[in-house]
Amino acid sequence: MVQIVHIGLPKSGSTTLQVLWGHSMNCEYVNINGFAEEVNQRLLQSSDNTDKLFDEILGINLPPPDFVSPKDQIFSSEVVTFGAFEGDAAHLNPVRRQLQAARLSLISSRLLVIVRDPIKFLWSAHAQHIKQGGFSASHEFFKEKKEWLLHILNLRALIKDYEIFGFDVVVLPLELLDRDPS
C-alpha cells in the first residue's frame with residue numbers, strides 16, 4: 001500500500017484529481033481540508049507557544065482515522081496551500097507549513113504538488129474571487145492579495161519545509177494533464 005499526500009496548489013486541477021481518486025477502485029481518497037483548517041485555527045489561537053502547538057498538531061487524527069487499508073491512500077487538499085494567512089497573520093505562514101508537514105509526515109513520506117503556470121494561476125485566482133462575490137478590478141485584486149499570492153507561489157519554501165520532515169517531493173505541472181488527460 002502506498003500513501004501519498006497531495007497538497008496541490010490552488011487552481012491546479014486538485015478538484016478534478018480528487019473526483020477521479022474518489023471514484024477510483026484502486027485507491028482511497030482522503031479529504032484533509034478539515035485538518036488544514038484545524039491547523040490554521042489552532043495556530044491563530046496559540047501562535048505564542050509553538051512547542052505546545054506542535055504536540056497538539058501531531059495528535060490530530062486525520063479522517064478517516066489512521067488505519068491500514070489494502071488500497072493506496074491519497075490524502076489531498078488544496079486548502080493546505082490556499083488557506084494561507086493574510087494581513088497581520090501572514091508572518092505565521094512558515095510555521096503553518098511546518099506544522100502541517102510535521103503531522104502529515106506521520107502518515108507518508110511522499111508529497112505530490114501539482115503546479116500551474118503562475119500567470120494562469122493569478123488570473124484564475126482573480127476569476128474565482130469574482131465568482132465568490134469579489135468585485136475588484138484585476139489590478140486591485142493583485143495589489144490587495146499580493147502577499148497572500150506570493151506566499152502560495154513560493155515553491156522553494158514549500159518544498160524546503162516538507163523536505164525537512166523527510167518528504168520526497170514530486171512537483172508536476174498541470175500542463176501534463178492538458179497534454180494527455182488520460
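Here the structure is a predicted model, which means the values were calculated and not measured. We number each residue from 1, following the sequence as shown.
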Only distances under 3.5 Å count here; give the side-chain donor-acceptor pairs of residues 125-143 to other protein atoms, sequence neighbours excluded, each with its distance to 0.1 Å.
unit_1	atom_1	unit_2	atom_2	d
His126	NE2	Ser136	O	2.9
Gln128	OE1	Lys11	NZ	2.9
Glu140	OE1	Ala137	N	3.2

CG on Leu155 to NZ on Lys160, rounded to 0.5 Å = 13.5 Å

Write down the atom of Gln3, the atom of Phe75, and the distance for their closest heavy-atom approach.
-> NE2-CE1, 4.0 Å

For Phe121 and Pro10, which heavy atoms make the closest approach, and how far apart are they?
-> CD1-O, 3.4 Å

Among pairs that include at least one residue of residues 104-122, which meet salt bridge (Lys or Arg N to Asp or Glu O under 4.0 Å), considering only residues two or more places apart or in two chains?
-> none

Ile57 and Arg103: which non-hydrogen atoms are nearest, and at how many Å?
-> O-CD, 3.4 Å

CG on Leu153 to CG on Leu122, rounded to 0.5 Å = 5.5 Å

Say you draw a straight line from CG of Asp51 to CD of Glu56; how long is it, rounded to the nearest 0.5 Å?
-> 11.5 Å

The single option from Leu112, Asp161, Ile7, Leu111 passing side chain to side chain contact (heavy atoms under 4.5 Å, CB included) against Val169 | Leu111

Mind checking whether Leu150 and Ile152 sit in one hydrophobic cluster, side chains of I, L, V, M, F, W, Y counted as touching below 4.5 Å?
-> no

side-chain hydrogen bond (donor to acceptor under 3.5 Å, both in side chains) contacts in which one or both residues fall within residues 35-45, not counting sequence neighbours = Glu38-Arg42, Asn40-Arg96

Is Leu172 close to Val113 at the side-chain level, that is, under 4.5 Å between some pair of heavy atoms?
-> no

side-chain hydrogen bond (donor to acceptor under 3.5 Å, both in side chains) contacts touching residues 79-92 (sequence neighbours left out) | Glu86-Lys145

Decide whether Val5 and Val171 are clustered together by the hydrophobic rule: side chain heavy atoms of Ile, Leu, Val, Met, Phe, Trp, Tyr closer than 4.5 Å, transitively.
-> yes

Close side-chain approach of Tyr29 and Ser24, heavy atoms under 4.5 Å | no

Does anything in residues 147-157 pair up under side-chain hydrogen bond (donor to acceptor under 3.5 Å, both in side chains), and if so which pairs, sequence neighbours excluded?
-> Arg97-His151

If you look at every heavy atom in Gly166 and Ser109, which pair is closest and at what distance?
-> O-CB, 3.7 Å

Nearest heavy-atom neighbours spanning Thr15 and Glu78 | OG1-OE2, 3.9 Å

N/O donor-acceptor pair under 3.5 Å between Asp72 side chain and Cys27 backbone = no

With distance as the sole criterion, is a donor-acceptor pair present between the side chains of Ser77 and Asn33 under 3.5 Å?
-> yes

same_hphob_cluster(Ile107, Val79) at 4.5 Å side-chain heavy-atom cutoff | no

When rounded to the nearest 0.5 angstrom, what distance separates CD1 in Ile164 from CD1 in Ile159?
-> 12.0 Å

Exam field: side chain Ser105 to backbone Ala102, donor-acceptor pair closer than 3.5 Å = yes

Pairwise distance CG(Asn26) to CH2(Trp21) - rounded to 0.5 angstrom | 13.5 Å

Is a side-chain N or O of Asp55 found less than 3.5 angstrom from the main chain of Lys52, in a donor-acceptor match?
-> no

Would Ile74 and Ile114 show up in the same hydrophobic cluster when neighbours are defined by side-chain heavy atoms closer than 4.5 Å?
-> yes

Write down the atom of Leu53, the atom of Ser46, and the distance for their closest heavy-atom approach.
-> CD2-O, 3.9 Å

In this structure, CD of Gln73 is separated from CD of Glu28 (nearest 0.5 Å) by 4.5 Å

Taking only residues at least two apart or on different chains, which pairs with a member in residues 154-177 satisfy ring pair (Phe, Tyr, Trp, His ring centres under 6.0 Å)?
-> Tyr162-Phe167

Evaluate the side-chain proximity of Leu92 to Leu44: yes if any heavy-atom separation is below 4.5 Å, no if none is.
-> yes

Under a 4.5 Å side-chain heavy-atom rule over Ile, Leu, Val, Met, Phe, Trp and Tyr, are Leu176 and Leu174 clustered together?
-> yes

